[in-house]
Every structure is written in structure tokens, then in C-alpha cells.
Amino acid sequence: MKINKKKLISWIPRIVVLVAMLVLINTQLYQSQIIDTLEYGFVFALLALGIFISYRILDIPDLSVDGTFALGVSVSAIVASNGHPILGMLLGLVSGALAGCVTGVLITKFKVQPILGGIITMTALYSINLAILGAPNLSLWKSPTIFKLTESIFGEYNQLIMTFIVLAVVFLLMFWFLKTQIGMSLRATGDNEFMVRASSINSDTMKILGFAIANALVSLSGAMYAQYTQTGDTNSGTGMLVVGLASIIIGEIFFSQHTILSGLLAAVFGAVAYRYILSFAMSLGIDTMYTKLLSAIIVAIAIALPVIKKGVLNAFSRIKERGGKSA
């Protein structure tokens, strides 16, 4: 039987990541750590799904993510502290969508460069988040949260079940939406904007919609994060774009097919895998102050992976040619 060397090499990173995760789960983490890490993974999977919309569907890097995540944290924390945790989640979602619309309008109507448009929104949100929260941070230790409300229903695994339910609902809604006519128009805008315009579809409207959905999901992730950690911090959004990109890229190692389902699954699986990788790093004694550095390294390696793979294949071909000549 002939072995497909390219396919074999493509499976190497998948096997390495999978084996590493199994080893660290079995040897490095306690049961409570495994569950806590999974919960964090579900929370940040919403972030990854949001970035998937802008980065993979629209093919536009959105730097406003750091600001909209903190926006969700701030809105959720201040509303929950006033006794309305569910409303805090909903308002966090809506506020993120509005912030995404601002970025979309800057890019489409005012012809601002996408990267600059995201930076402008992110910078503005820093002051807005401080104004909403009224202070750099706010404790929700004595305030009601969605997890405290459902604790009597789900018991010991309340947080795990609640984070999974929210993620599952969002996942199914996203999968359904991207299969609708509007969702397909959104996908087509990212694939070929000129073709979309020729089909009488307003590409600017599609972009604004895409940014609104993406940032709504990012902000929802921040809203849940605030209630999960029982604290609101205006600096909690720092580096979230890199975290989301790392999650997507790691997930795409396992779900490499170019389909909507594979893309959504890659975002979710990658977010969970990324949290386990961080937990493994922390179990080795790496200080938490280096988590963002580790995230950046993961993204850099993952982006460079095609070049590394090409180099390995070329090296393999040269070795094969030399072996053939010597024979």
C-alpha cells in the first residue's frame, strides 16, 4: 500500500497536540482543574466564534475585539451588581453588537482602513468601559450571577452545565444563521466582494452585519466571563484577539475542511484545547504573567506552520533524491 507522505506529515501536529493534551490531563491536572479548564474553554469559545466571523468569514482582522470583550465585562458586571444578571448578559450582547456596527460603519462608509477602524473603536471603548464600570474593577462576590441563580438546579456541576448550555445555543444559532440566505450572503461577501456587488447584494451592509455579530459574541463572552469570575475589570480584554486567533488556529489543526461546521467546531475545540495548553504550562511552574507571551508564540508558530510543513516536505524530497542517486 502506497503511503501518502503529505497527508502523513499533515497529521503530525494533530497527533502531537492530542497526545500532549491526553498526557497533561492524566498526569498534570487534578479533576477540579480539568473541569475548571473546560469551563474556561466554553466561555472563551464564544470569543473564538466571534473572531471566526470577522477573521475567517469576512476575512478582515478586527482589532476592536479587545475593547468589546471588556465592554461585555463592564456592562454585565454593573448590571449584575444591581441584581439583574440575565439582563446583564443580554445587554452585554447588544452593546457588543453596537460597537461592532461602529467599526463596520467606519470601515465601509468612511473608508477607514480595517486595522485603523478597529483601533479607533478599541481606544474609544477603553474610556466608555471606565465610565460604565465607574472604576477600574468591580467585585461581584456578593451580587447575583447566572451561575448562582441555577446552582440549586444543576448542583455541583452548575458552572460547567451553564457554560455548555450557553455555548451550545449560540453554536446552533450560528450554524443555522450561516445556512440562511443572509448568512450565505455574508459568507459570499468575505469570499468575493465584487461578485456579491454584481449580484445586487449590499456588501457594506453585510460587512456591518458581520462586525455586529462578531463583536456581539465577543462581548457575550466577556459578559459571561465577568459573572463566572465574579469580577469586572476594564483591563480584562487585553490580548483577547491573540487568544481568539490561537484558539481558531489550534482548532483548525483538527478540523481543516473548509465547511461552516468544521469552522465552528474548530473555534470551539481550539478554545478548549488552548485553555488546556495554558493549564499545562501553568502546572510546569510558568508564571501567569507569561500567558499572553505564550499565546503570541502559539499564534506565531501556527501561522508559520505552512512554511515549516513546506520546508519539511522539501527536505524529505531532497533526502529521497539523494538516496535514489546513491542507489
Side-chain angles (χ1 to χ4, degrees), residues 40 43-44 46-51 53-55 58 60-82 87-140 143 207-208 210-247 288-293 295-296 299:
Y40 269 108
V43 171
F44 285 103
L46 296 171
L47 167 76
L49 286 172
I51 294 177
I53 297 297
S54 58
Y55 184 67
L58 289 179
I60 300 175
D62 182 13
L63 297 187
S64 63
V65 166
D66 289 12
T68 49
F69 183 88
L71 177 64
V73 169
S74 302
V75 171
S76 178
I78 196 67
V79 176
S81 67
N82 285 285
L87 181 61
M89 295 282 292
L90 295 175
L91 289 179
L93 177 73
V94 173
S95 61
L98 292 175
C101 287
V102 172
T103 303
V105 169
L106 287 174
I107 293 172
T108 58
K109 303 302 181 182
F110 295 100
K111 307 303 178 184
V112 177
Q113 290 294 325
I115 293 178
L116 183 57
I119 292 174
I120 291 172
T121 304
M122 179 182 64
T123 304
L125 285 175
Y126 182 79
S127 296
I128 293 172
N129 293 336
L130 276 174
I132 292 172
L133 209 55
N137 52 70
L138 175 67
S139 175
L140 298 178
S143 303
K207 287 182 182 179
I208 294 172
F211 278 113
I213 295 172
N215 285 279
L217 294 179
V218 171
S219 190
L220 178 63
S221 176
M224 183 179 289
Y225 177 79
Q227 298 194 31
Y228 177 80
T229 59
Q230 299 185 62
T231 183
D233 190 339
T234 54
N235 293 316
S236 56
T238 305
M240 286 301 153
L241 176 60
V242 175
V243 170
L245 289 176
S247 300
T288 54
M289 66 184 291
Y290 295 113
T291 55
K292 295 296 189 294
L293 174 61
S295 303
V299 172

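Predicted, not measured: the structure shown is a model, and the values here were computed from it.
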Determine whether a donor-acceptor pair (N or O, by modelled atom type, separation under 3.5 Å) exists between the side chain of [X] and the backbone of [Y].
X: S219; Y: G72; answer: yes
X: D66; Y: M240; answer: yes
X: S81; Y: L140; answer: no
X: S221; Y: L217; answer: no
X: S95; Y: G92; answer: yes

About how many Å separate CD1 of I60 and NZ of K207, when rounded to the nearest 0.5 Å?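 Rounded to the nearest 0.5 Å, the NZ-CD1 separation comes to 4.5 Å.
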Starting at CG of L93, measure out to CD1 of I213 and round the result to the nearest 0.5 Å.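 It is 10.5 Å, given to the nearest 0.5 Å.
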Specify the closest pair of heavy atoms between I53 and A214, including all atoms of both residues, with the distance to one decimal.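 Heavy atoms only, the tightest pair is CB-CB, 3.9 Å.
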Search all heavy atoms of S247 against all heavy atoms of A48 and return the closest pair with its distance.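 Shortest heavy-atom contact: CB-CB, 4.0 Å.
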Could you go through residues 99-111 and list every donor-acceptor pair under 3.5 Å that involves a side-chain atom there, pairing it with any protein atom two or more places apart or in another chain?
unit_1, atom_1, unit_2, atom_2, d
T103, OG1, A99, O, 3.4
T103, OG1, T121, OG1, 2.9
T108, OG1, G104, O, 2.7
K111, NZ, T108, O, 3.1

Distance-only check: which donor-acceptor pairs under 3.5 Å involve side-chain atoms of residues 124-139, not counting sequence neighbours?
unit_1, atom_1, unit_2, atom_2, d
N129, ND2, G67, O, 3.4
N129, ND2, L125, O, 3.0
S139, OG, W141, N, 3.3

4.5 Å side-chain heavy-atom contact, I78 and N82: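 Result yes, sub-4.5 Å side-chain heavy-atom pair found.
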Would you say that Y55 contacts L241 through its side chain, given a criterion of any heavy-atom pair below 4.5 Å between the two side chains?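 They are not in contact (no side-chain heavy atoms under 4.5 Å apart), so the answer is no.
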Using side-chain hydrogen bond (donor to acceptor under 3.5 Å, both in side chains), reason through T68 and N215 one step at a time and then give a plain yes or no. CA-CA 6 Å; T68 49; N215 285 279; 3.0 Å; yes
Crowded around I115 CD1? As in, over 12 foreign heavy atoms under 6.0 Å?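 No, because the 6.0 Å sphere around CD1 of I115 holds 12 heavy atoms or fewer from other groups.
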Any side-chain hydrogen bond (donor to acceptor under 3.5 Å, both in side chains) involving residues 222-237? Give me the pairs, sequence neighbours left out, ordered by first then second residue.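 Counting only pairs at least two positions apart or across chains, the side-chain hydrogen bond (donor to acceptor under 3.5 Å, both in side chains) contacts touching residues 222-237 are E39-Y228, S76-Q227, K148-Q230.
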Pair L47-V65, side-chain contact (heavy atoms from CB on, under 4.5 Å): steps then yes or no: CA-CA 9 Å; L47 167 76; V65 166; 3.9 Å; yes
